[in-house]
There are 2 protein chains.
Amino acid sequence: MTVFSVANISSTNRQEDLDEWEIAVIDLFLNAANSFGLPKSYGQIYGLLFCRDQSLSMDQVMKLLEISKGSASQGLRALRQLGAVSSVFEPGDRKERYVAEIRLRKLVGGFLREQADPHLDKGVGRLKQIETLLGNLDNTDSMKRGVRKHEILSGWHRQMSRLLPWVKMIVGKSDRLPQKSSD
Amino acid sequence: MTVFSVANISSTNRQEDLDEWEIAVIDLFLNAANSFGLPKSYGQIYGLLFCRDQSLSMDQVMKLLEISKGSASQGLRALRQLGAVSSVFEPGDRKERYVAEIRLRKLVGGFLREQADPHLDKGVGRLKQIETLLGNLDNTDSMKRGVRKHEILSGWHRQMSRLLPWVKMIVGKSDRLPQKSSD
DNA sequence: CACTTTGTTCAAGTTTTTTTGAACAAAGTG
DNA sequence: CACTTTGTTCAAAAAAACTTGAACAAAGTG
């Protein structure tokens, strides 16, 4: 008798489940996170928030993605740290809620600030250390070779330092979508 | 066997061990590889070759770094694939020998070509897939939201595609150190 | 040819990274 | 207060990534 058994899809899709396209987007970010060297759960969390227009609580994130409390907590913290997610306080609500940052410039900027810059800084230290080791040597062939290599590394370091500001700049240039161009 | 001087492994350069500064440089590259998402052994191998002015055989690489045959073989192959190492045939020598590419432009270019470009390509496919999933939907709210998100992702994709050529260009600008010309 | 040298492959072992969940802390509520 | 809700921490479990080495292939040598 039941003509349409809608039973398998919860009444009016009260966002208790992910839509197919959302699953695909989440998977896209999972892979992206991976290739940026971030845990895949970070990608999933960001992807989910990216899909939604409204803020989600940690609890919702856990349930929708079926990940543990620990992963959700750590993932959200790291993403906030990166500037990829921000928390929002809905008045009259006890739990914190989260939304995704969708301005590419901000995302790239945060990533570079948290990942690239620290590496460059550590690089300075390493170069100094090498310099010291070379200083202990006499004018051996090895030492002269070392000095040359050290110079090359210093040059690279300088180049990379110069590159990063450009990247931040170029990416920000036209953040929004192209004006709806005909076709 | 051969008595005449094959300058490479000649008596003057009988380095059976690494110098301290070389160890530091190798460690630097080990860490760098890691943060680029490459296995650390790749970093070590590149670092070793970077330190040396003369080509090394796989055998020497294995022994100097104390890594296995498998690691050496796979690492060298991957590095060649990335354009970070090239092989050299010394006439009258059976084994292949390897040298590091030290032009930053080439290194960055190879990395982008092998790592970034493929990801962007895969992205096109993923975007198409999402489009398809959205096409199956009626004009639900979810679908409209999905379309908006898809547009955002497409915009990002375009931005990244535009960025990469700039990176390759900027890095190449003044590759070498002052004077020291060779090409 | 039989033998040596050089390099590749891949299943199994090792190490590293990520995830989980239970214990805990903090803060709101009645 | 006692109780609930929300979020953090971290040791242990699980998963993923990397390395090893023995078996194999390819190619030079005498």
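Naming: A, B, ... by sequence-line order, numbering from 1 per chain. Below, all heavy atoms of this structure are taken into account, side chains as well, without hydrogens, waters or symmetry copies.
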Nearest atoms (heavy-atom pairs only) where A/M58 meets A/Y98: N-CE1, 3.9 Å
Distance-minimising heavy-atom pair for B/L48 and B/I26: N-CG1, 3.6 Å
Starting from [atom2] on [N], measure out to [atom1] on [X] and report it in whole angstrom.
X: B/K95; N: D/dA27; atom1: NZ; atom2: C1'; result: 15 Å
X: A/R97; N: D/dT5; atom1: CZ; atom2: P; result: 16 Å
X: A/M58; N: C/dT19; atom1: CE; atom2: C1'; result: 14 Å
X: B/E90; N: C/dT6; atom1: CD; atom2: C1'; result: 16 Å
X: B/Y98; N: C/dT8; atom1: OH; atom2: P; result: 6 Å
X: B/L76; N: C/dT9; atom1: CG; atom2: C1'; result: 15 Å
X: A/E96; N: D/dG7; atom1: CD; atom2: P; result: 6 Å
X: A/L56; N: D/dT6; atom1: CG; atom2: P; result: 14 Å

Considering Watson-Crick and G-U wobble pairs with both distances under 3.5 Å, what does [N] pair with?
N: C/dA27; result: D/dT4
N: D/dA16; result: C/dT15
N: C/dC10; result: D/dG21

With side chain to side chain contact (heavy atoms under 4.5 Å, CB included) as the test, pick out the partner of A/S86 among A/L49, A/L79, A/V99. A/V99
When B/W156 is tested against each of A/V108, A/L104, A/V171 for side chain to side chain contact (heavy atoms under 4.5 Å, CB included), which residue passes? A/L104
Positions of residues 66-74 of chain A (non-hydrogen atom under 4.0 Å from DNA chain C), listed by number: A/I67, A/S68, A/G70, A/S71, A/Q74
Using heavy atoms and a sub-4.0 Å distance, could you list which residues of residues 77-84 of chain A are near DNA chain C? By number, please. none
Using 30° and 60° as the class boundaries, would you call the ring planes of B/Y46 and B/F29 parallel, tilted or perpendicular? perpendicular
Common cluster, A/L30/A/F36, ILVMFWY with side-chain heavy-atom separation under 4.5 Å: no
Does one hydrophobic cluster hold both A/L82 and A/L120, with members joined at side-chain heavy-atom distances below 4.5 Å? yes
Under the criterion side chain to side chain donor-acceptor pair (under 3.5 Å), which of A/R97, A/E96, A/Q60 is the partner of A/S55? A/R97
Given DNA chain D, 5'-ward residue of the pair A/D59 and B/Q44, judged by closest heavy atom: A/D59
Under a 4.0 Å N-O cut-off, is there an ion pair linking B/D19 with A/K149? no
Pair B/D59 + B/K63, salt bridge at N-O below 4.0 Å: yes
Given 3.5 Å as the limit, does a donor-acceptor pair link the side chain of B/H119 with the main chain of A/A32, or not? no
Hey, is the main chain of A/C51 close enough, under 3.5 Å, to the side chain of B/R145 for a donor-acceptor pair? yes
Heavy atom of residues 30-42 of chain B under 4.0 Å from DNA chain D: which residues? B/P39, B/K40, B/S41
